[in-house]
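In what follows, every chain begins at residue 1, and chains take the letters A, B, ... in the order their sequences are listed. Owing to the predicted nature of the structure, the values given are computational and were not obtained by experimental measurement.
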Amino acid sequence: MSAVVIAILVLAVLALLFGLLLGYASVRFKVEGNPIVDQIDGLLPQTQCGQCGHPGCRPYAEAIANGEAINKCPPGGQSTVDALADLLDVESVPLDAEDAGEPVRAVAYIREDECIGCTKCIQACPVDAILGAAKQMHTVIISECTGCDLCVEPCPVDCIDMVPIETTLNTWKWDMPKPGVELIATDRGRGEAFTDKGEAA
Amino acid sequence: MSSVHSFHGGIHPPENKRQSNGAPIQAAPIPAKLVLPLSQHIGAPAEPLVKVGDRVLKGQVIAEPIGRISVSLHAPTSGTISMIGPQPVPHASGMEANCIVIETDGQDEWIEHSGLEDYKSLSKQELIGYIRNYGIAGMGGAGFPTDVKLHLGDDHIVNTLIINAAECEPYITADDLLIRERSDQILGGIEVIAHLLNPSHILIGIEDNKPQAIRALEDTVRGSRLNIDVVVVPTKYPSGGEKQLIKLLTGVEVPSGRIPADVGIVCQNVGTASAIFRAVHQGEPLISRVVTITGDAVNQRHNLEVLIGTQYSELLDASSVRRDDLYRLVMGGPMMGFTMNNEAIPVVKTTNCIIAATHEEMPPAPPAMNCIRCGMCEQVCPAELLPQQLHWFAKGKEYEKAKHHNLFDCIECGACSYVCPSNIPLVQYYRNAKAEIRQEEVEKQKAEYARQRFEARQARLEQEKIEKELRRKARAEQAAKAQASKKDSVAAKPAASTDDPKALKTAAAVARTKLKKAQKAFEQAKDASADNLPELEAAFKAAEQKANDAQTKLENAEKGVTSAASGAPDIKALKTAAAVARTKLKKAQTALKSAEEKGQDGIEALRETVKTLDAKSEAAQKAYDDAQSAPAQVEPVVDIKQLKTAAAVARTKLKQAEKALAKAQESGEGDIAELEAKVKEQQAKVESTQQAFEAAESGGTAAATPIVDLAPLKEEMEKALAKVEKADAAAKNAEEKGLPAAEKMKAGVEKLRGKYEEAKQAYESAQQSSAPSAPAIDLAPLKEDMDKALAKVEKAEAAAKNAEEKGLPAAEKMKAGVEKLRGKYEEAKQAYEAAQHSSASNAPVVDLAPLKEDMEKALAKVEKADAAAKNAEEKGLPTAEKMKAGVEKLRGKYEEAKQAYDAALNASAPTVPAANLDALKADMDSARSKVEKAAAAAKNAEEKGLPTAEKMKAGVEKLRGKYEEAKQAYVAAGGTVEAAQPDTLTID
């Protein structure tokens with residue numbers, strides 16, 4: 001009888017002890033904010049373009065953390081959607097965009113002789129990448145431009161173009177090898193696709 | 001001899017070196033065109049120093065290094081710069097890059113050059129700079145700037161220098177031939193490198209498939225004082241890899257992500273060592289290198305000393321290429337090289353081999369099949385990686401995992417692809433994965449940067465918003481404060497707040513509206529017989545009270561405004577008000593007319609409105625007129641300058657008029673009479689303006705010149721008089737004596753007299769101007785005093801008389817008191833008279849009018865009293881005597897008044913402005929016309945035998961007297977009366 005009482009007492013004391021410990025820890029080691037938002041924000045391309053319907057990438061990250069769809073980021077492309085799906089451990093969905101291919105990186109270019117110096121694009125730029133003053137010609141700082149498109153719409157004289165970033169020797173990259181597994185033996189030696197490989201092996 | 005270690009993996013592909021290592025190095029012909037890419041090395045492209053059209057000599061610097069990791073570029077032969085721009089370059093992408101193109105002239109003319117006599121005398125820094133300026137980059141494959149590697153001794157302890165002579169890739173024999181033929185140059189280069197890095201020992205790694213080279217090296221090294229070991233390693237691909245060679249020679253493994261210098265080892269290629277020797281000892285920059293031209297498609301497989309920038313086509317031609325057989329052109333070795341589709345690309349500093357392969361030699365890669373996880377790739381990987389795992393990750397784009405499996409330690413040697421039974425192009429997967437990861441990192445960095453900028457912008461906008469809000473609040477507060485202070489000030493001077501009649505008006509209007517509302521509510525309630533009638537009535541009354549208050553306030557304020565306006569009249573505002581009133585009146589009138597025409601109702605009301613508006617308009621007009629005339633009165637007479645200008649203008653006009661008159665008189669044309677009249681008018685104007693000016697001036701000077709100034713003036717005058725007298729006497733004397741100077745003296749006397757006269761005049765004018773300093777206003781109190789005294793005297797006298805008649809004992813005393821009082825009276829009278837005299841001369845004209853009035857009143861009183869007295873006498877009344885005395889008294893007073901008036905008239909007469917002449921003349925004229933009329937009437941009455949004729953005659957006499965007075969006044973004032981006196985003035 002006493003053994004049962006002792007056991008119950010011991011367990012009760014232990015429960016109280018651990019409860020206090022957990023309570024203290026929850027206060028002492030409280031995490032400010034939602035860490036998943038930071039992780040999602042890290043995956044987003046930070047163009048701040050607002051094409052997802054949110055005023056910037058972080059608000060979209062917060063919305064995703066609250067259950068919004070993960071396929072609303074055209075600048076990020078399908079790879080971002082996949083990365084988000086991987087992070088959140090959800091099923092990946094196709095990108096919700098008109099042309100769902102990989103995004104073409106571009107920067108804004110102001111045709112300077114047509115610019116009237118209205119500063120509208122400067123106000124629209126989310127990253128302050130446009131330089132200029134009222135009645136002065138504006139220009140885009142290419143290294144700062146995220147290619148978000150937001151400056152194109154407000155321009156009253158349509159002098160802003162989105163110019164795709166050209167590949168240079170420094171940015172050139174090797175292509176993924178074309179998969180050849182679907183070839184059957186009789187197809188060998190036929191056609192250009194499998195006659196000329198860059199690799200000399 | 002040090003022991004040889006081993007590295008993991010490796011393969012043994014067919015060597016294929018025999019084809020090209022049989023012939024000695026030959027110099028390639030100088031091509032017509034050299035294409036020199038600005039970026040032949042790792043790091044920043046060099047900056048061109050030449051421009052198109054420049055002639056350059058062999059060895060001349062044509063581009064200088066930019067930044068830390070960069071080398072300069074030299075002209076490989078003499079020629080002319082024909083172009084600087086994009087050209088195809090040896091790159092796996094096949095893209096173009098900026099190049100300098102030289103049209104060679106075939107003279108191969110060297111620029112003046114010489115090696116360093118003693119490179120050891122230079123500081124290490126200078127020597128490294130020298131090597132950098134001689135364009136030396138690693139010639140093994142990567143093209144890393146050599147000078148950067150030579151700096152490694154600064155911050156690393158370099159105990160081992162490894163010279164890479166392994167040349168493990170098949171086909172390539174460039175280093176082999178170089179060692180065979182130029183081992184002394186290589187040793188010289190090693191000595192320079194050793195001098196810079198100061199290693200404890202030097203290892204030359206060389207594969208055992210180059211026995212001739214090994215022998216040459218050993219022979220050369222034997223004579224060296226340096227601790228050099230030639231280490232022969234077994235032939236195994238890729239023993240020439242830096243990390244693999246280090247492992248082979250020292251057994252040390254370079255950790256992942258580190259450089260050999262971190263473990264005290266520096267690697268240099270034999271070609272680089274040779275280039276350093278040539279630069280340091282012969283002064284030749286890196287402008288050529290040994291290139292192996294091999295492959296089944298060329299007949300001559302050999303090594304050529306090729307100028308940098310020589311296009312592949314030239315070399316192929318020099319090696320008797322069979323273009324029909326040429327299936328694949330490979331830059332570099334068969335394991336790590338790239339297939340080139342363009343023969344126009346040039347040889348660069350890292351080009352060691354060109355393989356012109358036939359189809360049989362290098363058949364197309366068979367189609368890749370699925371990985372069967374055989375694990376052969378793992379066994380041959382020299383970097384000890386898991387190639388099949390990396391392959392899966394790269395294929396599945398799981399770059400993060402690939403990174404975790406040390407993808408970046410892959411040296412892309414191609415051993416795994418070589419052994420893969422499924423023919424999977426593994427290296428291409430890795431290269432792609434590496435590029436993707438690099439790009440991802442760049443993009444991540446960029447995204448992070450963009451995020452920072454975005455957040456900074458957001459913060460800035462937020463800050464601006466807050467600041468704007470704060471400013472707005474501050475403004476609102478200030479406005480509220482201003483409002484409050486305004487209200488306070490209004491409350492402090494409620495009725496006197498004439499400064500804001502508008503606000504009051506608004507307040508009154510608001511009060512009226514409220515009153516109306518209250519009234520309405522009240523009436524409604526009354527109609528509906530609501531319960532809260534008394535409450536509403538109270539509210540209504542309160543509203544009424546308020547409305548009345550506001551109205552009163554407004555009226556007060558308006559009055560204040562108008563009074564203020566008359567003080568400092570806002571003529572414009574008044575004018576506008578008058579105009580507005582007029583317009584309103586007109587509108588009302590038209591409305592009334594139309595209403596009348598149409599016979600509408602409410603005509604009466606309209607008429608009333610018109611009347612009130614009329615009155616208002618008149619009032620406004622009057623106010624405006626008053627205001628306009630008021631400033632005219634207030635206009636200070638002392639504005640001398642203006643007056644002077646006016647006088648001058650008048651004079652000018654007079655002159656003009658005179659001239660015109662003279663002309664007219666001469667020519668006998670025009671209306672001379674009119675012109676004369678004009679001249680006269682102008683003259684009068686000139687005089688009046690001049691007088692006004694002078695008066696103002698004298699007034700001004702009088703005010704300015706104190707009375708004490710009179711003394712010196714008088715003195716001056718007296719002195720002048722004395723001089724005149726003296727001179728006069730002297731002149732008379734001279735005349736009497738008959739002296740010849742008499743005439744002259746006389747003239748002098750005249751001059752002096754003139755001066756005296758001037759002085760006298762100045763004195764007199766000063767005296768006159770200073771006279772008014774005795775103010776005329778003092779006369780009134782003086783007179784009062786006098787009158788009081790007189791009254792007291794009379795009273796006292798009467799009392800005394802009374803007392804005497806009654807025989808009172810106090811009579812004597814009283815008489816004495818009377819005498820005393822009379823003395824006082826006399827004093828007061830004297831003071832008054834003196835003051836009157838002094839002021840009389842300058843007594844202002846305006847004082848004449850009251851005086852005259854006084855006089856006339858007195859006269860009227862006298863006449864009335866006289867008539868009453870006569871009446872009383874005729875009737876035999878007892879009061880007649882008393883009345884007579886009263887008449888006498890009154891007459892006395894009248895006489896006094898008349899005297900005062902005359903005195904004032906006399907005194908003021910000389911200074912009466914000429915402008916008053918007109919008034920006087922008008923008076924006179926009107927008097928005369930009255931006389932004439934009266935005389936005519938009297939004559940008429942006499943002729944008709946009327947009984948009133950006598951009376952009329954008396955009236956005529958009276959009027960004549962008045963006329964005479966006016967005439968005298970006019971004459972006294974300076975007017976001239978025409979001699980012709982009409983008969984009508986006298987009565988026959």
Side-chain angles (χ1 to χ4, degrees), chain A residues 41-49 55-59 61 75-76 78-80 82-83 86 105 123 125-129 141 143-148 166-185 187-189 192-201, chain B residues 39 89 91-93 95-97 328 330 333-339 341 355 357 362 364-370 394-395 397 414 417-418 420 422-436 438-440 442-444 446-458 460:
Chain A
D41 198 31
L43 290 176
L44 293 173
Q46 304 297 331
T47 47
Q48 320 293 348
C49 63
C57 291
R58 192 167 185 89
Q78 189 62 42
S79 58
T80 300
D82 296 345
D86 194 31
R105 300 259 171 239
Q123 289 154 32
C125 182
V127 291
D128 286 335
I141 306 166
S143 61
E144 316 288 295
C145 180
T146 61
C148 69
E166 270 181 48
T167 311
T168 64
L169 287 178
N170 291 326
T171 58
W172 178 85
K173 58 183 186 186
W174 288 86
D175 288 330
M176 179 75 81
K178 287 168 197 146
V181 286
E182 65 272 20
L183 285 173
I184 56 172
D187 279 344
R188 288 189 184 177
E192 201 189 337
F194 25 87
T195 52
D196 194 2
K197 289 280 170 189
E199 189 62 24
Chain B
S39 186
V89 292
H91 191 271
S93 65
M95 290 197 301
E96 298 189 339
R328 189 188 283 208
V330 175
M335 303 300 291
M336 293 183 75
F338 312 114
T339 302
N341 298 314
I355 305 170
M362 286 189 185
M369 285 177 286
N370 283 329
K395 206 173 175 182
K397 304 202 176 189
S417 302
Y418 182 77
C420 183
S422 292
N423 303 316
I424 300 169
L426 291 164
V427 175
Q428 203 177 332
Y429 277 109
Y430 306 151
R431 281 172 173 165
N432 172 257
K434 280 181 177 178
E436 290 287 350
R438 282 198 193 103
Q439 197 193 342
E440 218 167 63
V442 166
E443 261 164 28
K444 217 174 207 171
K446 214 178 160 184
E448 178 59 25
Y449 186 56
R451 197 176 57 78
Q452 280 172 13
R453 285 181 69 85
F454 178 65
E455 274 164 12
R457 181 188 148 90
Q458 292 296 105
R460 197 192 75 222

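Contacts with chain B were tallied for A/Cys57, A/Cys125, A/Gly56; A/Cys125 has the most, counting heavy-atom pairs under 4.5 Å. Of the listed residues B/Ala97, B/Cys420, B/Ala435, the one with more heavy-atom pairs under 4.5 angstrom with chain A than any other is B/Ala435. Per-residue counts of heavy-atom pairs under 4.5 Å with chain A were compared for B/Gln439, B/Gln452, B/Arg457; the largest is that of B/Arg457.
A/Lys173 has a carboxylate O that lies under 4.0 Å from a charged side-chain N of B/Glu436, or vice versa, which qualifies the two as a salt bridge.
Heavy atoms closer than 4.5 Å to chain A are found in the backbone of B/Ala394, but not in its side chain. In this structure, chain B has a heavy atom under 4.5 Å from the backbone of A/Ser143, while its side chain stays farther away. With a 4.5 Å cut-off on non-hydrogen atoms, B/Lys434 does not touch chain A at all. Neither the backbone nor the side chain of A/Asp82 comes within contact range of chain B, judged by heavy atoms closer than 4.5 Å. Contact annotation for B/Val442: neither backbone nor side-chain heavy atoms come within less than 4.5 Å of a heavy atom of chain A. If you measure heavy-atom distances from B/Tyr449 to chain A, the contacts under 4.5 Å come from the side chain alone. With a 4.5 angstrom heavy-atom cutoff, A/Thr168 touches chain B only via backbone atoms. In this structure, chain A has no heavy atom under 4.5 Å from any part of B/Arg438. Proximity to chain B (any heavy atom under 4.5 Å) is restricted, for A/Pro45, to the backbone atoms N, CA, C and O. Contacts between A/Ala129 and chain B at a heavy-atom distance below 4.5 Å involve the backbone alone (N, CA, C, O).
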Worked verdict on A/Asp41 versus A/Gln46 for side chain to side chain donor-acceptor pair (under 3.5 Å): CA-CA 8 Å; A/Asp41 198 31; A/Gln46 304 297 331; 2.8 Å; yes
Pair A/Asp128-B/Arg460, side-chain contact (heavy atoms from CB on, under 4.5 Å): steps then yes or no: CA-CA 11 Å; A/Asp128 286 335; B/Arg460 197 192 75 222; 2.7 Å; yes
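Using cut-offs of 30° and 60° for the angle between ring planes, the B/His91 and A/Trp172 rings count as perpendicular.
When all heavy atoms of B/Asn370 and B/Ile424 are compared, the pair lying nearest together is C-CD1, 4.0 Å.
With sequence neighbours excluded, the residues that form a side-chain hydrogen bond (donor to acceptor under 3.5 Å, both in side chains) with B/Arg451 are B/Glu448, B/Glu455.
How far CZ of B/Arg328 is from CG of B/Asn341: 9.5 Å, rounded to the nearest 0.5 Å.
Within the 4.5 Å cutoff, side-chain heavy atoms of A/Leu169 are placed close to those of B/Ser93.
Within 6.0 Å of NZ in B/Lys446 there are more than 12 heavy atoms belonging to other residues, nucleotides or ligands.
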